[in-house]
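See below for the structure under consideration.
We number each residue from 1, following the sequence as shown. Nothing here was measured: the structure is a model prediction, and the numbers come from that model.
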Amino acid sequence: MRLMMPLVTDSLERLFTLHRGDKAEDKERFLDEVGPRIRGMAVSHVHVNDALLDRLPKLEIVANFGVGYDTIDAAACGRRGVMVTNTPDVLTDEVADLAVGLLLATVRQIPQVDRYLRQGKWLEKPYPLTGTLRGRTVGILGLGRIGRAIAHRLVAFGMPIAYHGRTRQADVPYTYYPSLLEMAKACDVLMVVAPGGPETKNMIGREVLEALGPEGVLINVARGTLVDEDALAAALADGTIQSAGLDVFADEPKVPDALIAQEHAVLLPHVGSASIHTRNAMGQLVVDNLTSWFQGKGPVTPVAETPWKA
C-alpha cells in the first residue's frame, strides 16, 4: 500500500502475483479491484484496521516491516484469523547502538560542538564545558529485546540501570520500579523503548519530566506518541529538564517547531534501524514470513496477538 524497499518488492514479484498499491493513482479503485483476491500483505507504516480488513475478505497474513506494529490492529486481525508478523531481533543491535549514540550526543552536545567548530567560533574561544555520563543512573522504560541490549551497552559505561514495565523480570540484575513516576524520581536519564499505541500515549508528560529533574535527560527511540511533545518543549524551554535526544515524533515526518527551537535538544529523523545492513535484514524477514506462510510452514515471527500453532 506504500512504497517499500526494492529488496522486498523485487523478491515478492518473483515469488507471487504482486499488486502494487503504492503505484495506484486511485487507491480506492485499486482496493475495489484487487481487494477480494488478496491473500497476503507486505506493509510499512500502513494503518490496518477493520475498515481495511473488510475490503480484504481472503486476507491470511499481514507482514509488517518493522518491529513496532502500532499502526496495525493486531487484535482485529486475530479475531478474523489473519496472521500478523513483524521484524524483531534483526534490528535490535542497530537501534541499541543508535540509542547509546544519541545519549552521548545529547549529554556531550556533539552536534552543537560540531556546528561551533564549523562556524569558526573555536578561533574565538573554547566551547563551554558540557554535561557527562559520570554519576548518572539510567531508567529504561520497556525492557524488551532492545531495552536489554541498551542496558547491556550502558553497563559497560559503568552506569547503574533501572527499569519499568508491566512486570518484574527475574533474569536481570537491574532495579525494578512498578511505577514510571517513581523510576523517574530515582533516575536522571530516561530511556524510552516501550511500544506505541493508545495504552502508552503521552505517558511521559509534565509530571514525569518534573520528576526527572533539572539534570534530567530524555532519550526516545521508541514511538513519538509516548511523549507529550508540548510538555517536553515547555520542560526544555524552562529548564525543568536539561536536554532531550529524540529519534521519533508523534506526527512524523512533521516535527513541532517548539522542539526544533531547542538548541540543547538533539533531533534525528527516525533513523534507529536505518543502516543498509539492518534494513536489508528487515526486508528479507518480511519476504521470509510471506514465503514461509504460503509454503504451509507458518510464520517466522508472529506477533503476540496472533500466535501460531502448527
Next item on the list: Would you confirm whether Thr306, through its side chain, and Val84, through its main-chain N or O, come within 3.5 Å as a donor-acceptor pair?
Entry: yes
Notebook entry, point to check: Counting only N and O atoms by type, is there a donor-acceptor contact under 3.5 Å from the side chain of Asp247 to the main-chain atoms of His270?
Noted result: yes
Note to self: Could you go through Glu305 and Tyr69, starting from their C-alpha distance and side-chain angles, then the distance that decides it, and tell me whether this counts as side chain to side chain donor-acceptor pair (under 3.5 Å)?
What the structure shows: CA-CA 11 Å; Glu305 293 89 341; Tyr69 53 97; 2.6 Å; yes
Margin query: One pair to check against side chain to side chain donor-acceptor pair (under 3.5 Å): Ser275 and Glu94. What are the steps and the verdict?
Written below: CA-CA 8 Å; Ser275 72; Glu94 205 75 75; 2.7 Å; yes
Check: CG of Asp114 to CZ of Arg118: how many Å apart, nearest 0.5 Å?
Finding: 4.0 Å
Next item on the list: Mark yes or no for whether Ser292, through its side chain, and Gly298, through its backbone, hold a donor-acceptor pair below 3.5 Å.
Entry: yes
Note to self: Salt bridge or not between Lys121 and Glu124? Use side-chain N to carboxylate O under 4.0 Å.
What the structure shows: no
Next item on the list: Could you tell me which non-hydrogen atom of Arg80 sits nearest to which non-hydrogen atom of Asp50, and how far apart they are?
Entry: NH2-OD1, 3.0 Å
Note to self: Nearest 0.5 angstrom please: Leu246 CG to Leu232 CG, how far?
What the structure shows: 6.0 Å
Notebook entry, point to check: When you check the gap from the basic side-chain N to the acidic O, do Arg145 and Asp89 get nearer than 4.0 Å?
Noted result: yes
Notebook entry, point to check: Minimum heavy-atom separation for Ile140 to Ile161, with atom names?
Noted result: CD1-CG2, 4.0 Å
Next item on the list: Please step through side chain to side chain donor-acceptor pair (under 3.5 Å) for the pair Tyr116 and Gln109, ending with a clear verdict.
Entry: CA-CA 10 Å; Tyr116 187 89; Gln109 301 178 21; over 6 Å; no
Checklist line | Glu33 backbone acceptor or donor facing Arg37 side chain under 3.5 Å | finding: yes
Check: When rounded to the nearest 0.5 angstrom, what is the spacing between CG in Leu7 and CG in Leu12?
Finding: 9.0 Å
Check: Should Ile241 and Met203 be counted in the same cluster of Ile, Leu, Val, Met, Phe, Trp and Tyr side chains packed under 4.5 Å apart?
Finding: yes
Margin query: Keeping Asn289 on the side-chain end and Val300 on the backbone end, is there a donor-acceptor pair under 3.5 Å?
Written below: yes
Note to self: Has Arg39 got a side-chain atom pairing as donor or acceptor with Glu60's backbone, closer than 3.5 angstrom?
What the structure shows: no
Notebook entry, point to check: Out of curiosity, Asp288 CG to Thr301 OG1, how far, rounded to the nearest 0.5 Å?
Noted result: 9.0 Å
Notebook entry, point to check: Quick one: does Asn64's side chain have a donor or acceptor within less than 3.5 Å of a partner on Asn86's backbone?
Noted result: no
Margin query: Quick one: does any side-chain atom of Glu210 pair with a main-chain N or O of Thr240 as donor and acceptor, under 3.5 Å?
Written below: no
Margin query: Tell me if the CZ atom of Arg79 is crowded by more than 12 foreign heavy atoms within 6.0 Å.
Written below: yes
Checklist line | Spatial distance of atom CZ (Arg153) from atom CG (Asp97) [nearest 0.5 Å] | finding: 4.5 Å
Note to self: Any salt bridge linking Glu28 with Arg55? Criterion: basic side-chain nitrogen under 4.0 Å from a carboxylate oxygen.
What the structure shows: yes
Checklist line | Polar side chain donor-acceptor pair, Arg108 to Thr130, under 3.5 angstrom | finding: yes
Notebook entry, point to check: Got more than 12 heavy atoms from elsewhere within 6.0 Å of NZ, Lys201?
Noted result: no
Next item on the list: Could you tell me whether a side-chain N or O of Asp22 sits under 3.5 Å from a main-chain N or O of Met1, the two making a donor and an acceptor?
Entry: no
Note to self: Tell me whether the count of non-hydrogen atoms from other residues, nucleotides or ligands lying under 6.0 Å of CH2 in Trp122 goes above 12.
What the structure shows: no
Margin query: Please check this pair: side chain of Asp251 against backbone of Lys254, looking for a donor-acceptor N/O pair closer than 3.5 Å.
Written below: no
Checklist line | Parallel, tilted or perpendicular, as decided by the 30° and 60° cut-offs, for the rings of Tyr176 and Tyr163 | finding: tilted
